Chemist: 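Below are the structure tokens for one structure; questions will follow.
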Amino acid sequence: HGRTLLRAGRFDEAATILQAVTSQAPYAAEPFALLAEAQVQKGQLSAAAQSLLAAAEINPRYFVSLGDLYERAERWAAAAGAYGRAVEAVRSPARELRLRHINALLTAPGGVGAERALEALERLHVDRATHEDARRDARRDPTHLYDSGCDSRVAGDFRRSRDRCGGSPQRRRGDWL
């Protein structure tokens, strides 16, 4: 019934019913997620974040929705944390999820997530290289080194960038070929 009220745009009634459902069935994630949707529609973003956190603790796939909510509220550090937990909860996280996590880390105020973003980007490059060709050593791949050097530049580590990304990828490739 709560889902029907939610679809009908009757958010106050839906929230009341879904609140009752979550108290009667605290082991089910979906009612918490639906409650969060009603709370967002009512402008109760903090309450919606708490509801999504409860849903995610039961079913980690909801960490992505929590990250989305934090991202819309421009709470980048919280979004990075939620996306990070989503990445950790999945055996083989999708590239898009990993990139959203990296984006949130890079967007966090004061550059607090830059180093973690760089590490995540390096893992992403290594994983991609391993997936594309298990025999290729990603650490010696000039494209990987150029990309991670440029990632260092974005993260503000210019010395590391210079060491890895001294020029164009063509020049770097020529050095090794």
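What you see is a predicted model, and the numbers here were worked out from it, not measured in a lab. Counting from 1, the numbers follow the sequence of the chain as shown.
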Chemist: Who pairs with E13 by side chain to side chain donor-acceptor pair (under 3.5 Å), at least two apart in sequence or on another chain?
Modeler: R10
Chemist: To check you understand the geometry: which heavy-atom pair defines the closest contact between G2 and A14, and what is its length?
Modeler: O-CB, 3.6 Å
Chemist: Could you measure the distance from the CZ atom of R95 to the CG atom of L124? Nearest 0.5 Å is fine.
Modeler: 4.5 Å
Chemist: What closest approach, in Å, do I102 and A120 show between heavy atoms, and which atom pair accounts for it?
Modeler: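 It is CG1-CB, 3.6 Å.
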Chemist: Distance-only criterion, 3.5 Å: show the donor-acceptor pairs between side-chain atoms of residues 64-72 and protein atoms not counting sequence neighbours.
Modeler:
from: D68; atom 1: OD1; to: Y83; atom 2: OH; distance (Å): 2.7
from: D68; atom 1: OD1; to: R100; atom 2: NH1; distance (Å): 3.3
from: D68; atom 1: OD1; to: R100; atom 2: NH2; distance (Å): 2.2
from: E71; atom 1: OE1; to: Y83; atom 2: OH; distance (Å): 2.8

Chemist: If you link ILVMFWY side chains whenever their heavy atoms are less than 4.5 Å apart, which other residues fall into the same cluster as I58? By chain and number, please.
Modeler: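 Besides I58, the hydrophobic cluster comprises F32, listed by chain and residue number.
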Chemist: Restricting to non-hydrogen atoms, name the atom on A33 and the atom on A55 that form the minimum distance, rounded to 0.1 Å.
Modeler: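 For A33 and A55, the tightest heavy-atom pair comes out as N-CB, 4.0 Å.
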Chemist: Using the salt bridge (charged side-chain N to carboxylate O under 4.0 Å, His left out) rule, collect all pairs that involve residues 32-58, keeping only residues at least two apart or in two chains.
Modeler: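 Checked against salt bridge (charged side-chain N to carboxylate O under 4.0 Å, His left out) - neighbours excluded - the pairs reaching residues 32-58 are D12-K42, E57-R85.
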Chemist: Output all residues satisfying side chain to side chain donor-acceptor pair (under 3.5 Å) with R3, sequence neighbours left out; order by chain, then residue number.
Modeler: E30
Chemist: Shortest non-hydrogen contact from W76 to N103?
Modeler: CZ3-ND2, 4.4 Å
Chemist: Can you spot which of L97, V87, L53 makes a side-chain contact (heavy atoms from CB on, under 4.5 Å) with F63?
Modeler: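 Of the listed residues L97, V87, L53, the side-chain contact (heavy atoms from CB on, under 4.5 Å) partner of F63 is L53.
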Chemist: Tell me, do Q39 and Q50 make a side-chain contact under 4.5 Å, heavy atoms counted?
Modeler: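 A side-chain contact under 4.5 Å is absent here.
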Chemist: So which atom in A20 and which in S23 form the shortest heavy-atom distance, rounded to 0.1 Å?
Modeler: O-OG, 2.8 Å
Chemist: What is the distance from atom CG of L118 to atom CZ of R116, rounded to the nearest 0.5 Å?
Modeler: 12.5 Å
Chemist: With hydrophobic residues grouped by side-chain heavy-atom distances under 4.5 Å, do V40 and L34 end up in a single group?
Modeler: no
Chemist: Answer yes if F11 and L18 sit in the same cluster of Ile, Leu, Val, Met, Phe, Trp and Tyr residues linked by side chain heavy atoms under 4.5 Å apart, and no otherwise.
Modeler: yes
Chemist: Among Ile, Leu, Val, Met, Phe, Trp and Tyr joined by side-chain contacts under 4.5 Å, find the other residues sharing a cluster with Y27 and list them by chain and number.
Modeler: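 The other cluster members (ILVMFWY side chains, heavy atoms under 4.5 Å, direct or chained): none.
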Chemist: Could you report the tightest heavy-atom contact between S51 and L35, atom names first, then the distance?
Modeler: OG-CD2, 3.6 Å
